[in-house]
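Everything on this sheet refers to the single structure shown next.
Counting convention: from 1, in listed order, for ligands and their atoms alike. For clarity, every value in this text was computed on a predicted model and none was experimentally measured.
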Amino acid sequence: MKTHLELVSRRAEELGDHRREFIEIGRRAGRFPRAVANSLRRVPGADISVWCSNDYLGMGEHPLVLTAMKEAVDRYGAGSGGSRSIGGTSPYHILLEQELAELHGKEAALLFSSGFAANDGALTVLAGAVDDCLVLSDELNHASIIDGLRHSRADKKIFRHNDVDHLGQLLAASDPARPKMVVLESVYSMTGDVAPLAEITAVAKHHGATVYLDEVHAVGMYGPEGAGIAAREGLTGDVTVVMGTLGKGFGTAGGYIAGPAPVVDAVRTLSRPFVFTTSTPPALAAGALASIRHLRTSETERTRLWDNARLLHRLLVDRGIPFLSDMSHIVSVVVGDDTAAKTASALLLERHGLYVQAINAPSVPVGEEILRVAPGAVHTPPEVEEFATALDAVWQELRLPRADRRAPRAA
Ligand code: PLP
């Protein structure tokens, strides 16, 4: 009986020359010199204060990142010039993949043009390249995960959100001989709650299942060096594949997976969104690299983010404004009505100069509309107070329901 991980690794071995060729392309490109520099330049401030940006740490305007990108444009031009295997691999791609592998304590990493493409491309291969694979997927998993699993055509069972018992039951009821993979997120994008990762990885391990973890809303923000929730919980070794984005905490764009070398090689070789597309522009890879390197050593941004998130949690609890979870920096304020959510968003913008987008169906179920508030590292505590006061005024005006003045359920 072979586990999912063993079968994917064997599949990579079978790819033989094709796989070695890809690796050699990477080595050749990696011999070029690197160029990531420091200087201090600022972007001008905006009139409207944004409270729903996924650039959670403000790295999209960090001088180190901007300088690295400009230097890379000067050296390598605007675009990559091709797909990764045909002219589109620059030293930055290689350095970035090495940095990501190191960050996550994995053997290898692979860059995609977006987080969506990473999930879609990797899951199609990981679930689809192994015969009779059974996938266990959290019911709140992101659209990119759902699409990847659909494209894999693998058999899929959905477990109730963050419900370890339900996952355990589904695994126990399945044929022990089948290769299995558990797919989940660490910080959930719309609810802001965090997966019970220790319990989930323990159950997965018990049943010999690979664990694929989407850390899109955690990388840069949580764990030592910003390596994410798995690293924070000391579970790096129990998560087989970590998936992340460069477009949120790291402030640029792009997505990736990191994992055992044979698994990454299988995805590198078979994934259509990796193989058949123009690669990430070198300047973007250079910017992401500068961002990751900075966040691996700097706690400043993480501390500011978390202080602001905690302050907002407290201010909302004090005002009886309901929100879904206080487990992360994603503060999903519950409106529960489509029109009211849009009106609240419009009032915040028109009266207070605060932009926070209403989230309606299909991103959330009908009747569960939210204002997905993302206090960032670039906000100041007085700005967080102002935001809470403005939200309170809107709540009052629209006569929206208040919550009990106690902390939300830690889902
Ligand atoms: N995974 C999750 C959980 C997301 O929320 C998102 C985007 O919001 C993605 C993947 C896709 O990442 P990207 O925006 O880099 O395409």
Side-chain angles (χ1 to χ4, degrees), residues 50 52-57 59-60 65 96-97 100 104 109-124 126-127 135 137-151 158 161-162 182-195 197 200 211-222 226 228-230 239 241-258 267 271-274 277-281 284-285 287-289 291-292 324-325 327-332 356-357 359-360 362-364 370 372-374 376 411:
V50 180
C52 55
S53 171
N54 284 335
D55 183 3
Y56 301 122
L57 298 171
M59 294 307 290
V65 175
L96 180 54
E97 285 173 343
L100 288 165
H104 292 294
L110 193 68
L111 194 59
F112 286 78
S113 52
S114 71
F116 198 105
N119 268 336
D120 186 14
L123 288 168
T124 302
L126 295 177
V135 179
S137 178
D138 186 286
E139 70 174 321
L140 289 194
N141 275 341
H142 189 255
S144 53
I145 295 177
I146 294 168
D147 278 14
L149 295 177
R150 274 188 192 146
H151 291 150
I158 308 296
H161 178 53
N162 279 348
V182 176
V183 183
L184 74 159
E185 298 177 24
S186 56
V187 176
Y188 280 84
S189 59
M190 288 299 153
T191 48
D193 56 347
V194 176
L197 206 51
I200 287 186
V211 175
Y212 180 103
L213 182 65
D214 176 325
E215 292 247 41
V216 157
H217 295 279
V219 288
M221 277 88 63
Y222 296 87
I229 298 288
V239 170
V241 175
V242 175
M243 176 271 162
T245 185
L246 305 170
K248 305 190 193 295
F250 295 130
T252 55
Y256 63 91
I257 58 160
V267 176
S271 167
R272 296 162 71 85
F274 177 81
T277 193
T278 302
S279 65
T280 300
L284 204 47
L289 182 61
S291 177
I292 296 165
L324 289 176
S325 171
M327 296 177 88
S328 78
H329 62 285
I330 298 172
V331 186
S332 296
V356 52
Q357 184 61 44
I359 308 285
N360 302 315
S363 298
V364 292
I370 54 173
R372 182 183 177 278
V373 184

Atoms of ligand 1, numbered as shown, that sit under 4.0 Å from any heavy atom of [X]:
X    : result
V216 : 1 (N), 2 (C), 4 (C), 6 (C), 10 (C)
T245 : 13 (P), 15 (O)
N119 : 1 (N), 10 (C)
S189 : 5 (O)
E185 : 3 (C)
H217 : 3 (C), 4 (C), 5 (O)

Protein heavy atom at shortest distance from [atom]:
atom                    : value
atom 16 (O) of ligand 1 : F116 N, 2.9 Å
atom 4 (C) of ligand 1  : H142 CD2, 3.3 Å
atom 1 (N) of ligand 1  : D214 OD2, 2.6 Å

How many angstroms lie between atom [atom1] of [X] and atom [atom2] of [Y], to the nearest 0.5 angstrom?
X    : Y    : atom1 : atom2 : answer
H161 : D138 : NE2   : CG    : 5.5 Å
T280 : L96  : OG1   : CG    : 8.0 Å
S186 : D193 : OG    : CG    : 10.5 Å
H217 : K248 : NE2   : NZ    : 5.0 Å

Main-chain N/O of D120 paired with T124 side-chain donor or acceptor, under 3.5 Å:
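Present.
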Is there a polar contact, in the sense of an N or O pair closer than 3.5 Å, between G115 and ligand 1?
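Yes; the residue has a nitrogen or oxygen that sits under 3.5 Å from a nitrogen or oxygen of the ligand.
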Based purely on interatomic distance, does K248 place a nitrogen or oxygen under 3.5 Å from a nitrogen or oxygen of ligand 1?
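Indeed, backbone or side chain, K248 has an N or O that close.
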Below 4.5 Å, heavy atoms only, C-beta onward: do [X] and [Y] meet side chain to side chain?
X    : Y    : result
D55  : V50  : no
F250 : V219 : yes
V216 : E185 : no

Looking at ligand 1, would S114 count as a contact under a 4.0 Å heavy-atom criterion?
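Yes, S114 has a heavy atom closer than 4.0 Å to ligand 1.
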Answer yes or no for G255: is there a heavy-atom contact with ligand 1 below 4.0 Å?
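So G255 does not count as touching ligand 1.
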Should the pair Y222 and H329 be assigned to parallel (<30°), tilted (30 to 60°) or perpendicular (>60°) ring geometry?
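Correct class here is tilted.
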